[in-house]
Amino acid sequence: MPELPEVEVVRRGLAQWVAGREIVSAEVLHPRAVRRHLAGADDFVARVKGRVVISAERRGKYLWLPLSGAEEALLAHLGMSGQLLVVEPGSPPDKHLRVRLGFGDGGSELRFVDQRTFGHVMLSPLLDGVPSPIAHIAPDPFEASFDDDRFAAALRRRRTEVKRALLDQSLISGVGNIYADEALWLARLHWARPTQTLTRPKIAELLAAVREVMTAALHQGGTSFDSLYVNVNGESGYFERSLEVYGRRDRPCSRCGTPIMREAFMNRSSFSCPRCQRRPR
DNA sequence: CACGCAGCCTGGGAGC
DNA sequence: TGCTCCCAGGCTGCGT
């Protein structure tokens, strides 16, 4: 389940293996993979050919490849199960291969593989260096343009629960269910804590926790649970060994030994320590 | 405008 | 063995 650290691992792989190369062929094997490219699959294929990949960029969980020519980029979101794989041409097709790009040097090809098809790729204009479809997404906490004070003020204005706010990509991008739970545990906050009751120091602590868990994950190459997520070379990350609460129901909290509990939240799961993270009254 | 939630999608696993 | 149901969850679109 790719969140910011996993997407960053993929971005680095793309920067290393794909930047500077000219796309000469493209094939869309499943229309849903390009559903956000409103002009259709044929248009996507026609317009991507002949373009040189300039670099690999990322904001939150989105990543994009600026292309030569017009101010345009190949934008990708991995969804839950998407992978961008750099493989030798002619390698056996993956079961869930959705899009394939070939390069003029005849070397490795880029494949978008996605079992659950929540991910997508598209071509989009760049506005001030950012793809237009993600203009409404807030910077992620590792960008220079992320403003801690502004985030704190926006959070306190909200009338919602702190975990909902963490998952709201218009407030802070890149945080998904796994790292939200991990950061809340580290900051000793219950997921249902009303945002308007958070003090500025507590918000600073929460932001530090978000950055800490993501930095740790990045150092280990991302998180992987069911091998659906792999980096650009097809190698799984190993961060799941370091998770403190996510997926650890009934196992002891490493701080106090209390069994971790799982609660239903937003049609998914929240994991927390009932002692370290006291539910608000 | 702010907030919350259904729906999208597939395969693995549990239960019968 | 084979069927049904549940679960994973980021994001969009829509209702309140």
Side-chain angles (χ1 to χ4, degrees), chain A residues 1-8 10 28-38 58-64 75-84 94-99 112-122 124 130-138 140 151 153-184 191-197 210 214 217 222-230 236-237 239-240 243 245-250 261-272:
Chain A
M1 302 144 206
E3 298 182 29
L4 188 154
E6 291 77 20
V7 178
E8 174 60 15
V10 173
V28 175
L29 294 100
H30 194 305
R32 190 172 149 78
V34 292
R35 66 192 179 284
R36 303 264 168 221
H37 189 86
L38 299 181
R58 182 189 57 73
R59 165 167 286 182
K61 302 169 199 170
Y62 282 92
L63 58 82
W64 65 92
L75 177 64
H77 194 292
L78 302 178
M80 283 181 61
S81 54
Q83 306 170 3
L84 283 166
D94 313 75
K95 183 174 181 190
H96 304 291
L97 177 62
R98 309 302 189 198
V99 177
F112 178 62
V113 176
D114 190 12
Q115 176 202 114
R116 294 174 211 174
T117 68
F118 275 45
H120 63 97
V121 297
M122 65 184 293
S124 80
V130 177
S132 54
I134 64 170
H136 65 290
I137 303 282
D140 68 56
F151 172 74
L155 202 60
R156 282 155 55 93
R157 275 197 304 271
R158 284 295 177 101
R159 293 179 172 272
T160 187
E161 298 160 342
V162 64
K163 186 171 174 182
R164 287 181 190 278
L166 275 183
L167 296 177
D168 184 340
Q169 305 294 300
S170 70
L171 278 176
I172 178 173
S173 64
V175 184
N177 200 39
I178 298 168
Y179 294 105
D181 279 2
E182 293 297 305
L184 289 168
W191 54 265
R193 176 75 174 269
T195 47
Q196 67 267 31
T197 69
V210 167
M214 287 188 165
T223 303
S224 174
F225 297 94
D226 51 11
S227 79
L228 273 180
Y229 165 75
V230 288
S236 294
F239 186 62
E240 74 272 22
L243 294 177
V245 286
Y246 186 86
R248 293 177 50 84
R249 173 161 58 170
D250 294 336
M261 66 176 179
R262 174 192 179 277
E263 295 168 280
F265 169 80
M266 288 173 75
N267 259 342
R268 43 185 63 89
S269 297
S270 255
F271 295 92
S272 61

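Everything quoted here is computed from the prediction, not taken from an experiment. Labels below follow one simple rule: chain letters A, B, ... track the order of the sequence lines, proteins then strands, and each chain is numbered from 1.
- Regarding A:L75, its CG atom lies at a distance of 10 Å from the P atom of C:dT12, rounded to whole Å.
- Looking at A:E3, its side chain never comes within 3.5 Å of a backbone N or O of A:K61 through a donor-acceptor pair.
- Under 4.0 angstrom from either OP1 or OP2 of C:dA8 there lies at least one side-chain N or O belonging to A:R262.
- The phosphate of C:dC11 has OP1 or OP2 within less than 4.0 Å of a side-chain N or O from A:Q169.
- As a whole-Å value, the separation of A:M266 CE from C:dA8 P is 13 Å.
- Contact between the side-chain N/O atoms of A:H77 and the OP1/OP2 oxygens of C:dC11 is found at a separation under 4.0 Å.
- Both A:H136 and A:F118 lie near DNA chain C, and the one whose nearest nucleotide falls closer to the 5' end is A:F118.
- The nearest whole Å value for the distance from the CZ atom in A:R159 to the P atom in C:dT16 is 22 Å.
- Side-chain atoms of A:T195 and A:R159, non-hydrogen and from C-beta on, never get closer than 4.5 Å to each other.
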Quiz item: For A:V28 and A:R98, what are the C-alpha separation, side-chain angles and deciding distance, and is it a side-chain contact (heavy atoms from CB on, under 4.5 Å)?
Solution: CA-CA 6 Å; A:V28 175; A:R98 309 302 189 198; over 6 Å; no
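- Rounded to whole Å, atom C1' of C:dG10 lies 15 Å from atom CZ of A:R164.
- Between the C1' atom of C:dG10 and the CG atom of A:D168 lies a distance of 12 Å, rounded to the nearest Å.
- Across all strands shown, A:F265 has no heavy atoms under 4.0 Å from either base or sugar-phosphate atoms.
- Using modelled atom types and a 3.5 Å distance limit, the side chains of A:S81 and A:D114 yield a donor-acceptor pair.
- Residue contacts for A:R35: at a heavy-atom cut-off of 4.0 Å it reaches no nucleic acid atom on any strand shown.
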Self-check item: A:R36/A:L75 under side-chain contact (heavy atoms from CB on, under 4.5 Å): CA gap, chis, key distance, verdict
Solution: CA-CA 10 Å; A:R36 303 264 168 221; A:L75 177 64; over 6 Å; no
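- Computed from coordinates, the A:R32 CZ to C:dG10 C1' distance equals 12 Å when rounded to whole Å.
- The nucleotide range of DNA chain B contacted by chain A, defined by atoms under 4.0 angstrom from heavy atoms of the protein and reported 5' to 3', is B:dC3 to B:dG11.
- By the 4.5 Å heavy-atom criterion applied to side chains, A:F265 and A:E161 are counted as neighbours.
- The distance from the CZ atom of A:F112 to the CG atom of A:L29 is 12.0 Å, given to the nearest 0.5 Å.
- Between A:I178 atom CD1 and C:dG10 atom P there is a gap of 8 Å when expressed in whole angstrom units.
- Position along DNA chain B of the nearest nucleotide to A:R268 versus A:E161 favours A:E161 as the more 5'-ward residue.
- Interface remark: the A:R116 side chain does not form any donor-acceptor pair with the C:dG10 base, using a distance-only criterion of under 3.5 Å.
- Regarding A:R59, its CZ atom lies at a distance of 13 Å from the P atom of C:dC11, rounded to whole Å.
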